[in-house]
Every structure is written in C-alpha cells, then in structure tokens.
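Everything below concerns the one structure shown next.
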2 protein chains.
Amino acid sequence: MVERADSSESNAVLVDANAQVESFRQTRNNRRSELVEDYVELIADLLDHDHEARQVDIAQRLGVAQPTVAKMLKRLATEGLVQQRRYRGIFLTVEGKNLAEKSRERHQIVEAFLCALGISPETARIDAEGIEHHVSAETLRAFTTFLEQTPQKGGMAVAATVRKI
Amino acid sequence: MVERADSSESNAVLVDANAQVESFRQTRNNRRSELVEDYVELIADLLDHDHEARQVDIAQRLGVAQPTVAKMLKRLATEGLVQQRRYRGIFLTVEGKNLAEKSRERHQIVEAFLCALGISPETARIDAEGIEHHVSAETLRAFTTFLEQTPQKGGMAVAATVRKI
DNA sequence: TCTTAATTATAGCAATGGCTATGATTGCAC
DNA sequence: GTGCAATCATAGCCATTGCTATAATTAAGA
Ligand SMILES: [Mn+2]
Ligand SMILES: [Mn+2]
Ligand SMILES: [Mn+2]
Ligand SMILES: [Mn+2]
C-alpha cells in the first residue's frame, strides 16, 4: 500500500488502523466459538429438563437438520466437551459443563439487561441470542452493574429469563 | 421425536421451542450479513477519508489477505452494492451507500452506548464490532433513548466515535 | 423373539470465508 | 516511451456450516 500525503486534505477521520484490525480479528474469533457455545448451552438445558439430550431434540430446537447436529456433536466430542453414549443421547464432560454454565450465565445477563432497558421480552430473547457471543468480560460486568442499579426491572427480567433449576 | 410424559418431573424450565428456534434462525440470518455490512461500512469510511478504497487498504484494515477481499468484492458487485473500476478502486452504488450509512449509524450508536455504560473505549470498540450486527431496530431505539437520557457521557462518547465528515 | 419405529450415521452436495502462490495489468516515475 | 512497482485477478487448497437422501443400528412393544 502506498502512503498518501493528501490524506489530511480530507476532514474525515479514520479510526487507528491497528485498533480496527484488532476489533475485526476479535470479532472473527468470537464468531468461531458461537456455535460451540450455543450447542453446549442447549445441551445443558435439555439435560436439566429432560435428563437427556438427543440429536433430534437438539436439531429441532436449533432449527437445523439432524445430520448437521450429528456432525457438530462429533466435533464437540473431539474437542472433549461432550460424550456420546450410543443411542442414549449426549452428555457433557466436566469441561463441557463449565463452558455451558459460563455461556448460560452470560446469556441470561445479556437478556436480562436488554429487558431492563425496556426492550420487549421477545426482542430481548432474539437479540441476546446473537449479542451474547460478542460480550467481553468487561462489558458483562457493566451489564451486571446496570442490572443491580435497577433492581425492580432488572430483578423481574432476570427472574423471567431463568431457565435452570 | 418422542413425547415424554415425564418432562414435568423436572423442575427445570425450558424456553418455548418455537420461540427458541426463531431466535436461532434470526441469529443465523444476521451472521450471514455481518461481513457484507462490515465491508460496505469500511469502504464508505475509506472513500470519505481517502477518496478511494483499494483492495489492499481494505485487506489491511480487516486483517485478511488481499485475495480474500477480491473474492468478497466480486460478491458485493454481484449483489449490486459496489462498483469496481479497474485499477481505480471500489465505489459504492446507491444501494451500497444506503446500507453503509445504515450500518455506520447503527455501529456508532452501539459503540457510544457501550461507552455511556462506563465501558472503556477500547473494549467498547471491540465489542461493538461484533454486537452491532445483532441489534434489532427496537434495541437500537432503546440504546438511542438511553444515550439521550445520559447526555454528558453519551454525548462525549458519540463525539469520540464519530468517523465521518 | 421378532418386528418396527426411533435414533443415529454416512455419503454427497453447495455456499461461505479463509489461506498461499503466482500471473496479469496498470499507473507513474524516469 | 519504457520499465518497474503497485494493484488486482486467479488458481487451488482447506475448514466450516448448512442441506437431502439413505443406510445402519438400537430399543422396545406385541
Ligand atoms: Mn446462548
Ligand atoms: Mn447464542
Ligand atoms: Mn461496523
Ligand atoms: Mn462489525
């Protein structure tokens, strides 16, 4: 790339290039773990509710085909997050449980935060499903602080999104 | 999938299946437009700043290789969002400009909102790059309202993130 | 037991988004 | 004008995430 001396001729201002590339890289990384997080979280939910998590149930809840789930579960098993018992469904390893619990907590905080902002539960549910994967630890703390400072709305929102025992 | 009568045996509560699948579907759709939005927004920024947007500059700012950009630009041209002038760089069509402006405004609001929450500018920048694509119109309105209700912090944050003329 | 329905696995395809290596053009400086 | 450096295009590779169609296996009921 060539350096252009006439850059300052324009009054438009660009973000620092190094900073911007860092943002894009981090976002691409987050994108790669989105699916994994949603899978283990959903599996944990199904296990809590039904005491089992079958491929067909996971597929139905995600809105994808069963072979798509089969392929992803193989990957999760390779990564040591789940254990497949033949025709008995999927179970989480310790590592998988940890990731599921972390993802679930973050998901609930994000969703409750959106509700506390006055967003409708339906929209909060939909938006949280995507936003959660791009919320850093610092942002999650800010969301939590905000929820604590608005106890009524925040409290109700948290209660409304609780999905575990 | 088999119906299980013992579902109520557990005290764990699952979100409604139809609602959940709608969330996942919407999130997958958003994921598909993420890259497109980032590209047109970045191209608009480069055009405002440098009066041209070359593949190498786009690649450098995104942190990807130049052929990756070439392939994506071909797709954007097919979709009628950009126009490639041979060895003169990339330009936005009217449709591309509209999408870029919409994406840029949403991006700025999200980033300013995070700053107004007390999140550091660096973290706000990184998180906003991913979050923006999953923010619905309703959530964007809620963010805007929040910014208007916290004029000092919000105003400063917005000023700090302005990147256009 | 044995038959069947549920469950899971596999094969084969497509689209997307990365990469490196290399070739082709063009613009500009000399 | 010519040559070189910059810019862009292309080929070929891989991984991921989807799909449909179909086979294989298992659990369970008659
Ligand atoms: Mn989630
Ligand atoms: Mn999610
Ligand atoms: Mn953006
Ligand atoms: Mn972005």
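Any value given below was found using the heavy atoms of this structure, including those in side chains, with hydrogens, waters and symmetry copies removed. Each chain gets a letter, A, B and so on, in the order the sequences are listed, and its residues count up from 1. As the structure is a computational prediction, the values presented were derived from the model and not from experiment.
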Item to check | B:R75 CZ - C:dA15 P separation (whole Å) | outcome: 12 Å

Item to check | With B:A44 via side-chain contact (heavy atoms from CB on, under 4.5 Å) - residues at least two apart | outcome: B:L92, B:A100, B:R104

Which atom pairs link the protein and nucleotides 18-22 of chain C when you take only N or O atoms and keep those under 3.5 Å?
residue	atom	partner	partner atom	Å
C:dG18	O6	B:K71	NZ	2.8
C:dC19	OP2	B:A65	N	2.9
C:dC19	OP2	B:T68	OG1	2.7

Checklist entry - Whole-Å distance between C:dT8 C1' and A:E52 CD? => result 14 Å

Checklist entry - So which pairs with a foot in residues 80-95 of chain B pass salt bridge (Lys or Arg N to Asp or Glu O under 4.0 Å), sequence neighbours left out? => result none

Item to check | Under the side-chain contact (heavy atoms from CB on, under 4.5 Å) test, residues paired with A:R32 that sit two or more places apart | outcome: A:R28, A:N29

Checklist entry - Can you tell me how far P of C:dT16 sits from CG of B:L76, to the nearest Å? => result 12 Å

Item to check | Residues that A:D127 engages under salt bridge (Lys or Arg N to Asp or Glu O under 4.0 Å), provided they are two or more places apart | outcome: none

Checklist entry - Quick one: side chain to side chain donor-acceptor pair (under 3.5 Å) pairs with a partner in residues 67-78 of chain B, sequence neighbours left out? => result B:R75-B:E79

Checklist outcome for this item: Residues at least two apart in sequence or cross-chain that pass side chain to side chain donor-acceptor pair (under 3.5 Å) with A:Q66, listed by chain then number, are A:Q55

Next on the checklist: Nearest whole Å is fine: how far is D:dT26 C1' from A:R85 CZ?
Outcome noted: 17 Å

Item to check | Nucleotide D:dA9, atom C1' - distance to CD of B:Q55 in whole Å | outcome: 8 Å

Checklist entry - Given atom CG of A:L73 and atom P of D:dG18, what is their separation to the nearest angstrom? => result 12 Å

So which protein N/O to nucleotides 24-30 of chain C N/O distances come out below 3.5 Å?
residue	atom	partner	partner atom	Å
C:dT25	O4'	B:Y87	OH	3.4
C:dT25	O2	B:Y87	OH	3.2

Checklist entry - Given A:R106, which of A:E111, A:E37, A:E41 fulfils the salt bridge (charged side-chain N to carboxylate O under 4.0 Å, His left out) condition? => result A:E37

Checklist entry - Whole-Å distance between C:dA15 C1' and B:R32 CZ? => result 10 Å

Checklist entry - Any side-chain N or O of A:K74 less than 4.0 Å from the OP1 or OP2 oxygen of C:dT8? => result no

Next on the checklist: Using every non-hydrogen atom in the two residues, find where A:V21 and B:Q60 come nearest and quote the distance to one decimal.
Outcome noted: CG2-O, 3.7 Å

Checklist entry - Which residues pass the side-chain contact (heavy atoms from CB on, under 4.5 Å) test with B:S120, sequence neighbours left out? => result A:E138, B:E122, B:T123

Next on the checklist: Distance check needed: C:dT8 C1' versus A:I58 CD1, whole Å only.
Outcome noted: 12 Å

